[in-house]
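Below: the structure, in structure tokens.
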Amino acid sequence: MKKVLFLCLFAVIFTVDIDAAVKYLVAHAHKYSVHLCAGYVANALSHGGFKFKKQAAAYLYRTKHILEGIGYKEIKKPASFKKGDITITEKNAYHIYGHMAMYTGKKWVSDFVQNSEKVYSSHQPPIHYYRYQGK
């Protein structure tokens, strides 16, 4: 009798859901900032199925190319925003952690519901825009 060896290869397919991420972010947003923008956006992305190493500060998601690693691409400021777009505001001497927010399709949200993608009233560092392109 011949022995037959069967090899089974399992491919793990990760699916991501921008709608789930946005829904989670909106459900957990505060009326005012609690100074945890990167953590809130990161939690929302994780809830949407994205896999990445969370960072301690918003600017690190840009400098360590975390968003590119999960399928986002940096874009020029678009004429109109799409649900799931993310901004990262650079750090500076006045805002040492930078800022991170996600567009819900209607508003920008981080740890709070924002009036626009710009959150600082003075000393505004450059803002970088990211859009999910898929993997």
Side-chain angles (χ1 to χ4, degrees):
M1 181 193 292
K2 291 184 182 178
K3 290 187 179 181
V4 179
L5 177 64
F6 288 97
L7 280 177
C8 294
L9 299 175
F10 294 95
V12 178
I13 299 172
F14 294 104
T15 59
V16 296
D17 185 345
I18 296 287
D19 290 329
V22 167
K23 186 175 180 179
Y24 182 90
L25 186 61
V26 169
H28 291 85
H30 299 271
K31 188 173 181 179
Y32 300 102
S33 176
V34 294
H35 306 288
L36 296 171
C37 61
Y40 275 61
V41 175
N43 287 342
L45 287 168
S46 291
H47 191 78
F50 291 92
K51 308 292 183 203
F52 59 96
K53 184 176 180 191
K54 293 182 182 177
Q55 303 298 305
Y59 79 91
L60 294 172
Y61 285 88
R62 174 173 165 69
T63 59
K64 291 187 174 186
H65 307 285
I66 302 298
L67 295 179
E68 287 96 336
I70 60 172
Y72 274 83
K73 181 180 179 187
E74 186 171 1
I75 60 172
K76 292 182 180 184
K77 182 177 180 179
S80 60
F81 299 112
K82 288 177 62 175
K83 183 188 285 188
D85 283 355
I86 292 177
T87 58
I88 296 183
T89 304
E90 290 183 14
K91 69 177 185 161
N92 66 15
Y94 301 94
H95 311 290
I96 61 171
Y97 301 109
H99 184 72
M100 186 173 180
M102 180 183 279
Y103 191 66
T104 68
K106 295 181 181 181
K107 294 237 179 207
W108 286 98
V109 177
S110 54
D111 54 338
F112 71 106
V113 179
Q114 304 173 188
N115 292 323
S116 76
E117 76 266 28
K118 295 179 182 177
V119 293
Y120 302 130
S121 57
S122 63
H123 308 289
Q124 177 67 51
I127 298 174
H128 301 274
Y129 299 88
Y130 294 83
R131 180 162 288 163
Y132 183 67
Q133 305 290 316
K135 282 207 158 199

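The same ILVMFWY cluster, assembled from side-chain heavy atoms under 4.5 Å apart, contains both Phe50 and Tyr130. Tyr97 and Ile127 are members of different hydrophobic clusters when ILVMFWY side chains are connected at heavy-atom separations under 4.5 Å. Hydrophobic clustering, with ILVMFWY side chains joined whenever heavy atoms are under 4.5 angstrom apart, groups Leu25 together with Leu36. When hydrophobic clusters are built by joining Ile, Leu, Val, Met, Phe, Trp and Tyr residues whose side-chain heavy atoms come closer than 4.5 Å, directly or via intermediates, Ile86 is grouped together with Val113. Put simply, Ile88 and Val22 are part of the same group of oily side chains (I, L, V, M, F, W, Y) that touch within less than 4.5 Å, one to the next.
Between Tyr61 and Tyr72, the ring centre distance reaches or exceeds 6.0 Å.
The shortest non-hydrogen separation linking Gly98 to Cys37 is O-SG, 4.3 Å. The minimum heavy-atom distance between His99 and Phe112, with the atom names listed, is CE1-CE2, 4.4 Å. Of all heavy-atom pairs spanning His95 and Ser122, the tightest one is NE2-O, 3.3 Å. Minimum interatomic distance between Ile18 and Gly84 (heavy atoms only, all atoms of both residues): CG2-CA, 3.6 Å. Counting all heavy atoms, side chain and backbone alike, Phe52 lies closest to Ala42 at CZ-O, 3.5 Å.
Side-chain contact between Ser46 and Tyr24 is absent, with no heavy-atom pair separated by less than 4.5 Å.
One distance of note links OH of Tyr59 with CG of Asn92; it measures 12.5 Å at 0.5 Å rounding. In this structure, NZ in Lys118 is found 6.0 Å from CD in Gln124, a value given to the nearest 0.5 Å. Put simply, CH2 on Trp108 and CE on Met102 are 9.0 Å apart, with the number rounded to the nearest 0.5 Å. Between the OG1 atom in Thr104 and the CG atom in Asp19 there is a gap of 11.0 Å [rounded to 0.5 Å]. Rounding to the nearest 0.5 Å places CZ of Arg62 at 8.0 Å from CD of Glu68. A distance of 7.5 Å separates CD of Gln133 from CD1 of Ile75, quoted to the nearest 0.5 Å.
Between Tyr129 and Phe81, the two ring planes are parallel [angle under 30°; tilted spans 30° to 60°].
Every residue meeting the side chain to side chain donor-acceptor pair (under 3.5 Å) condition with Glu90, not counting sequence neighbours, appears here in chain and number order: His128.
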>> Run His47 and His28 through side-chain contact (heavy atoms from CB on, under 4.5 Å) and show every step you take.
In response: CA-CA 12 Å; His47 191 78; His28 291 85; over 6 Å; no

> Run the side-chain contact (heavy atoms from CB on, under 4.5 Å) check on Lys77 and Glu117 step by step: do they pass?
Replying inline: CA-CA 11 Å; Lys77 182 177 180 179; Glu117 76 266 28; 3.0 Å; yes

> When you look at Ser110 and Tyr40, which way does the side-chain contact (heavy atoms from CB on, under 4.5 Å) test go after all the steps?
Replying inline: CA-CA 6 Å; Ser110 54; Tyr40 275 61; 5.8 Å; no

>> Evaluate Val16 against Ile70 for side-chain contact (heavy atoms from CB on, under 4.5 Å), listing each step before the verdict.
In response: CA-CA 10 Å; Val16 296; Ile70 60 172; over 6 Å; no

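Only one option out of Leu60, Thr89, Val41 pairs with Met100 in a side chain to side chain contact (heavy atoms under 4.5 Å, CB included); it is Val41.
Checked by atom type and distance alone, the side chain of Asp111 pairs as donor or acceptor with a backbone atom of Val34 at under 3.5 Å.
The environment of Lys73 atom NZ is sparse: at most 12 non-hydrogen atoms of other residues, nucleotides or ligands sit within 6.0 angstrom.
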